[in-house]
Participant: 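Have a look at this one before I ask anything.
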Amino acid sequence: AIPVVDKENKFLGVVDNDSIIKILEVEGVEDILKFGGVSYKTSLDNILTLSFATSIKHRLPWLILGLFGGMLVSVIVGSFEEVLSKNIVLAAFIPLVVYMASAVGTQMEAFIIRDFALNPKFNFTKYFIKQAIVVFMIAVIVSLLLYGTNMILNRDTGVSLVLGLALFFAILSSLITGLIVPYMFGRMKLDPANASGPVATIIQDALSVFVYFYIASSLL
């Protein structure tokens with residue numbers, strides 16, 4: 001339980017543990033729903049009692065945003081049609097590069113949203129540097145693994161190099177969606193969890209695809 005006092009430290013009452021647990025549960029569910037792009041303005045959604053119209057209303061806006069974001073990604077892919085037609089094998093690795101960068105970004109989002117909630121005035125520069133070092137090492141390890149694995153399976157130095165470099169820089173780009181975007185939302189007094197669902201996904205997918213094909217067009 002938490003004691004409550006006034007400005008003169010006079011005891012006013014107690015927030016009991018049941019109330020604290022209930023608040024934690026509500027806030028946790030709220031953030032989880034926002035991660036999935038589900039919005040609401042009053043109480044939490046109960047699927048069994050919620051009307052079909054309301055359920056669609058709460059889910060559809062972010063998905064429409066995702067639809068246009070996906071169209072943007074397709075435009076980026078289309079602009080590199082020439083390099084893709086010459087190296088069709090590149091198409092098979094698009095999901096891998098996009099997924100890995102998004103996964104790293106999602107991990108960072110979870111950390112910064114938690115840390116921002118616990119301490120809104122934390123030193124972001126120091127926080128960013130530490131996270132950047134960790135992400136850099138992760139990028140090096142998984143990129144080398146991808147490069148080595150593709151060399152063993154396909155024995156194609158050019159494509160393997162493209163895959164390794166593209167994955168490396170795509171993961172580094174996740175610092176933007178994983179840290180900077182949620183932090184900027186928080187600084188603007190907006191809920192950082194809103195930036196961690198469809199918004200971050202769209203930005204990260206576009207960044208990953210662009211980095212991938214830019215490197216491929218430069219090296220192949």
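In this text, all values refer to a predicted model and were calculated from it rather than measured experimentally. Hydrogens, waters and symmetry mates are skipped; everything else that's a heavy atom, side chains included, is used.
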Participant: Which ILVMFWY residues are connected to Ile23, directly or by a chain of links, through side-chain heavy atoms under 4.5 Å apart?
Facilitator: none

Participant: Does a side-chain heavy-atom distance below 4.5 Å link Ile76 with Phe213?
Facilitator: no

Participant: Mind jotting down which residue pairs meet the salt bridge (Lys or Arg N to Asp or Glu O under 4.0 Å) criterion with at least one end in residues 13-24? Sequence neighbours excluded, please.
Facilitator: none

Participant: Only pairs at least two apart or in different chains count here, so list each side-chain hydrogen bond (donor to acceptor under 3.5 Å, both in side chains) that has a residue in residues 119-137.
Facilitator: Asp115-Tyr127

Participant: CZ of Phe128 to CD1 of Ile133: how many Å apart, nearest 0.5 Å?
Facilitator: 10.5 Å

Participant: Only one of Leu163, Thr157, Leu165, Val162 passes side-chain contact (heavy atoms from CB on, under 4.5 Å) with Tyr147; say which it is.
Facilitator: Thr157

Participant: I'd like to know if the side chain of Ser102 reaches the main chain of Tyr99, judged simply by a donor and an acceptor atom lying under 3.5 Å from each other, with no hydrogens or angles considered.
Facilitator: no

Participant: Given a cutoff of under 4.5 Å between side-chain heavy atoms of I, L, V, M, F, W and Y, with clusters grown through shared members, what are the other residues clustered with Val4?
Facilitator: Ile2, Leu12, Val15, Ile20, Leu24

Participant: Keeping to residues at least two apart or across chains, list the salt bridge (Lys or Arg N to Asp or Glu O under 4.0 Å) pairs with something in residues 69-82.
Facilitator: Glu82-Lys86

Participant: Should Phe210 and Val73 count as side-chain neighbours, where that means a heavy-atom distance under 4.5 Å?
Facilitator: no

Participant: Do you know the tightest heavy-atom contact between Val142 and Leu167?
Facilitator: O-CD2, 3.8 Å

Participant: If we ignore hydrogens and angles and just use 3.5 Å, is the side chain of Ser217 paired with the main-chain N or O of Tyr214 as donor and acceptor?
Facilitator: yes

Participant: Measure the shortest side-chain to side-chain distance between Val209 and Val77 over non-hydrogen atoms and say whether it is less than 4.5 angstrom.
Facilitator: yes

Participant: Quick one: does Asp156's side chain have a donor or acceptor within less than 3.5 Å of a partner on Gly158's backbone?
Facilitator: yes

Participant: Listed by chain and number, what are the side chain to side chain donor-acceptor pair (under 3.5 Å) partners of Ser143, not counting sequence neighbours?
Facilitator: none

Participant: Kindly give the heavy-atom pair with the smallest separation between Tyr212 and Leu90, and that separation in Å.
Facilitator: OH-O, 2.7 Å

Participant: Main chain of Val83, side chain of Asn87: is a donor-acceptor contact present, judged purely on distance under 3.5 Å?
Facilitator: yes

Participant: I need the Phe93 CZ to Ser160 OG distance, nearest 0.5 Å.
Facilitator: 7.5 Å

Participant: Do Val211 and Val97 touch side chain to side chain, with heavy atoms closer than 4.5 Å?
Facilitator: no

Participant: Restricting to non-hydrogen atoms, name the atom on Val5 and the atom on Phe11 that form the minimum distance, rounded to 0.1 Å.
Facilitator: CG1-CA, 4.0 Å

Participant: At what distance, to the nearest 0.5 angstrom, does OG of Ser174 lie from CD1 of Ile203?
Facilitator: 12.5 Å

Participant: How far does CE of Met108 sit from OG1 of Thr177, to the nearest 0.5 angstrom?
Facilitator: 6.0 Å

Participant: Quick check: is Ile112 connected to Ile129 through a chain of hydrophobic side chains (ILVMFWY, heavy atoms under 4.5 Å apart)?
Facilitator: no

Participant: Quick one: CZ on Phe136 to CD1 on Ile171, what's the gap to the nearest 0.5 Å?
Facilitator: 11.5 Å

Participant: Does either side chain, that of Gln204 or that of Ser173, offer a donor lying less than 3.5 Å from an acceptor on the other one?
Facilitator: yes

